[in-house]
Amino acid sequence: MTMTESIHLPDWIPASGHQLRLTGVHFDAVRIEGVRGEQVATRLIEAADGDAGPVVCEAAGFRWMYFLLAPGEVRRHNWPLGVQQFGGRGTRTVTYIGIPALYGNTWPLRWYSEPTATAPYVDQKLLLTAVGAVS
């Protein structure tokens, strides 16, 4: 089975282009800027043997990396400085995250790591370890 065949297609991933999705409903998100975000993503993917779950990369601007966790997971942990968290019940803010399609033109967003059947979300423990190793 190739990696493409194992990609998981949740209903919150658009068929083409990209669309905004509400955090705390479909997923929670952790956002890390630029090179630090890329380093965390690389460590996460290595720790997960290439099956890290959904990570979205913003190709323009601040080059944010968005790590998508299961709904309700982000508030269960204390994240270090520079790691922004979105989602969870009881927050007063509403945040939408841009989600690209799996195929076609999705600029300025792209998948750094796709969701799979075995990793439909990023594992928060692996992400915390990767963040700690880079910080």
Side-chain angles (χ1 to χ4, degrees):
M1 177 165 48
T2 67
M3 186 58 126
T4 304
E5 292 170 342
S6 66
I7 291 174
H8 178 63
L9 187 57
D11 61 0
W12 46 265
I13 295 180
S16 62
H18 51 79
Q19 294 182 347
L20 297 176
R21 298 289 187 236
L22 181 62
T23 60
V25 174
H26 303 290
F27 50 79
D28 285 356
V30 167
R31 181 171 84 169
I32 305 173
E33 186 178 358
V35 172
R36 182 179 180 205
E38 292 168 8
Q39 291 172 339
V40 169
T42 298
R43 284 187 181 262
L44 173 69
I45 291 166
E46 288 171 0
D49 292 326
D51 193 19
V55 179
V56 174
C57 176
E58 185 179 77
F62 293 105
R63 292 179 24 225
W64 295 108
M65 293 293 259
Y66 294 87
F67 301 85
L68 307 184
L69 290 77
E73 289 295 320
V74 77
R75 298 271 178 219
R76 294 180 189 205
H77 304 283
N78 292 319
W79 299 92
L81 290 175
V83 176
Q84 297 176 334
Q85 52 188 331
F86 304 103
R89 302 209 185 278
T91 62
R92 292 196 215 192
T93 58
V94 174
T95 304
Y96 289 87
I97 303 291
I99 301 297
L102 288 175
Y103 309 103
N105 182 7
T106 62
W107 195 89
L109 303 173
R110 70 175 177 88
W111 289 102
Y112 201 85
S113 173
E114 297 90 2
T116 64
T118 53
Y121 298 103
V122 168
D123 181 292
Q124 71 278 2
K125 291 177 186 165
L126 288 179
L127 180 57
L128 279 166
T129 301
V131 168
V134 171
S135 297

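In this text the structure is predicted, and so the values were computed from the model without any measurement.
The ring-ring contact (aromatic ring centres under 6.0 Å, His included) test applied to Trp79 returns His77, not counting sequence neighbours. Looking at residues two or more places apart in sequence or on another chain, you find a side-chain contact (heavy atoms from CB on, under 4.5 Å) between Leu109 and His18, Val56, Glu58, Pro100. Partners of Ala130 according to the side-chain contact (heavy atoms from CB on, under 4.5 Å) rule, which considers only residues two or more places apart in sequence or in another chain, are Val40, Arg43, Leu44. By the side-chain hydrogen bond (donor to acceptor under 3.5 Å, both in side chains) test, Ser16 is found to be paired with no residue, residues two or more places apart in sequence or in another chain being considered. For Ala15, there are no side-chain contact (heavy atoms from CB on, under 4.5 Å) partners two or more places apart in sequence or in a different chain. For Gln19, the side-chain hydrogen bond (donor to acceptor under 3.5 Å, both in side chains) partners at least two apart in sequence or on another chain are Arg21. In terms of the side-chain hydrogen bond (donor to acceptor under 3.5 Å, both in side chains) criterion, residue partners of Arg36 (sequence neighbours excluded) are, by chain and number, Ser135. Every residue meeting the ring-ring contact (aromatic ring centres under 6.0 Å, His included) condition with Phe27, not counting sequence neighbours, appears here in chain and number order: Trp12.
Within the structure, salt bridge (Lys or Arg N to Asp or Glu O under 4.0 Å) pairs that include any residue of residues 121-130 do not occur (at least two apart or interchain). The ring pair (Phe, Tyr, Trp, His ring centres under 6.0 Å) pairs that include a residue from residues 113-135 number zero, where partners must be two or more places apart or lie in different chains. Every pair passing salt bridge (Lys or Arg N to Asp or Glu O under 4.0 Å) that includes a residue from residues 61-72 is listed here, sequence neighbours excluded: Glu38-Arg63.
Of the possible polar contacts, one joining the Thr23 side chain to the Thr95 backbone as a donor-acceptor pair under 3.5 Å is found.
The shortest distance between side-chain heavy atoms of Ile97 and Leu20 does not fall below 4.5 Å.
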Can you give each donor-acceptor pair under 3.5 Å made by side-chain atoms of residues 65-73, sequence neighbours left out, with the distance rounded to 0.1 Å?
residue, atom, partner, partner atom, Å
Tyr66, OH, Arg31, NH1, 3.3
Glu73, OE1, Gln124, NE2, 3.0

